[in-house]
Amino acid sequence: MLWLEVRHMERALAIAPEDGNWIIDVGQSIAKSCLAGTMKRLKPVDRHKFGRGTALLEEFELPEGSLAGFTYDFTVEFGEGHGTLDYVIRTVVSKDTQVDLRQIHADALPPVPPPQAHPRGVWSFSETNARMPAYVIGQSANYRACATKKLNGETPADLLFTGARSELGPALDNRGQFGTIYNATIPIVNDSDEVRTVRIYANPRGGAFAGSVRIDNRVYGIPLLRDNTKVCRLVDISVPPGRSSYAVSFMVAGSATTPLGLYVITL
């Protein structure tokens, strides 16, 4: 008989009042924890190996009038035996705090909008590595990341989390790359004979944006930027003569709007 086991489990959980700022209090909090690698390590409630049946990973109580957001990261492996991994991950809820959540086997709630069975799909990868066009010292550039389409209407190269690629379907595209890490590398050309300073901003290009960014191995929150007239300075870098590059990583906060512009200028 085949036995499965859940291992290496980590979780980011944020609970906020219903009148709080969902993007910052929940979405950004989770994004910062994921990008910084500070998710809480947990042991599943049902730690034993299991075959058929239901195993409970975690349960928590949600106060009335609140909003919860969470991300789990774990590995499902064979505890005994080998073969094809076959399992379903479910999130269930009950108004009765005494109920055994393992016993909830009813059909899932109807998705919105119908008829999508899993709105944003399931993919075998969780990071995007993007190399932007070269930035030339003395110019300004605004690189659009996580865009649904290019300015000319074409499909952008970084729209990788598509419904067609989903391992479960039917599914919608994850156009905002929610729950994933976006690694952006900007090549820089400095044709002068001296060191120049380049500044990189975050600039929303589709509505209110917030999230987290990793710069030189430190993680910061990108504050709520309401529209494309707002920017957040991410970093100033010293660029030597010749060709070099600079990389940043970011994660979009849940409920935020994409695309995001990386606006680059020379000081």
Working for side-chain contact (heavy atoms from CB on, under 4.5 Å), residues L160 and N174: CA-CA 8 Å; L160 303 177; N174 182 2; over 6 Å; no
Considering all heavy atoms, the nearest [X]-[Y] contact:
X	Y	answer
L234	A202	CG-N, 3.8 Å
A256	F209	CB-CA, 4.2 Å
I30	T71	CG2-OG1, 3.4 Å
M251	A31	SD-CA, 3.7 Å
P223	I24	C-CD1, 4.5 Å

Point-to-point distance, once rounded to the nearest 0.5 Å, from [atom1] of [X] to [atom2] of [Y]:
X	Y	atom1	atom2	value
M9	R41	CE	CZ	13.0 Å
C232	L260	SG	CG	10.0 Å
T155	N152	OG1	CG	9.5 Å
E10	Y72	CD	OH	12.5 Å
K149	R175	NZ	CZ	9.0 Å

V235-L267 co-clustered via ILVMFWY side chain contacts under 4.5 Å: no
D173 bridged to R120 by N-O distance under 4.0 Å: no
Salt bridge flag under 4.0 Å for residues R11 and E58: yes
Ring pair (Phe, Tyr, Trp, His ring centres under 6.0 Å) evaluation trace for F161 with F125: CA-CA 9 Å; F161 297 88; F125 54 98; 4.6 Å; yes
Would you say [X] and [Y] make side-chain contact, with heavy atoms under 4.5 Å?
X	Y	answer
Y263	I200	no
Y87	L85	yes
D236	V198	no
P241	D193	no
R90	V88	yes

Can a donor-acceptor pair be found, under 3.5 Å and without considering hydrogens, that links the side chain of [X] to the backbone of [Y]?
X	Y	value
W123	T162	yes
Q28	I222	yes
T266	G138	yes
Y143	P133	yes
S166	V122	yes
R205	R144	no
S192	E194	yes

Steps toward side-chain contact (heavy atoms from CB on, under 4.5 Å) verdict (V239, S244): CA-CA 7 Å; V239 179; S244 59; 3.7 Å; yes
Answer with yes or no whether the side chains of [Y] and [X] bring together a donor and an acceptor at under 3.5 Å.
X	Y	result
S249	N183	yes
Y135	N190	no
D96	S94	no
Q177	T128	yes

Of N21, I15, L67, the residue whose pairing with V26 passes side-chain contact (heavy atoms from CB on, under 4.5 Å): L67
Criterion side-chain contact (heavy atoms from CB on, under 4.5 Å) against V92, the qualifying member of L56, V99, I104: I104
Answer yes or no: does atom [atom1] of [X] have more than 12 heavy-atom neighbours from other residues, nucleotides or ligands under 6.0 Å?
X	atom1	value
R243	CZ	no
R7	CZ	yes
N217	CG	no

With Y220 via side chain to side chain contact (heavy atoms under 4.5 Å, CB included) - residues at least two apart: V213, I215, R218
Of D227, N228, T229, N142, the residue whose pairing with N203 passes side chain to side chain donor-acceptor pair (under 3.5 Å): N142
With D25 via salt bridge (Lys or Arg N to Asp or Glu O under 4.0 Å) - residues at least two apart: none
Parallel, tilted or perpendicular: ring planes of F250 versus Y182, cut at 30 and 60 degrees: parallel
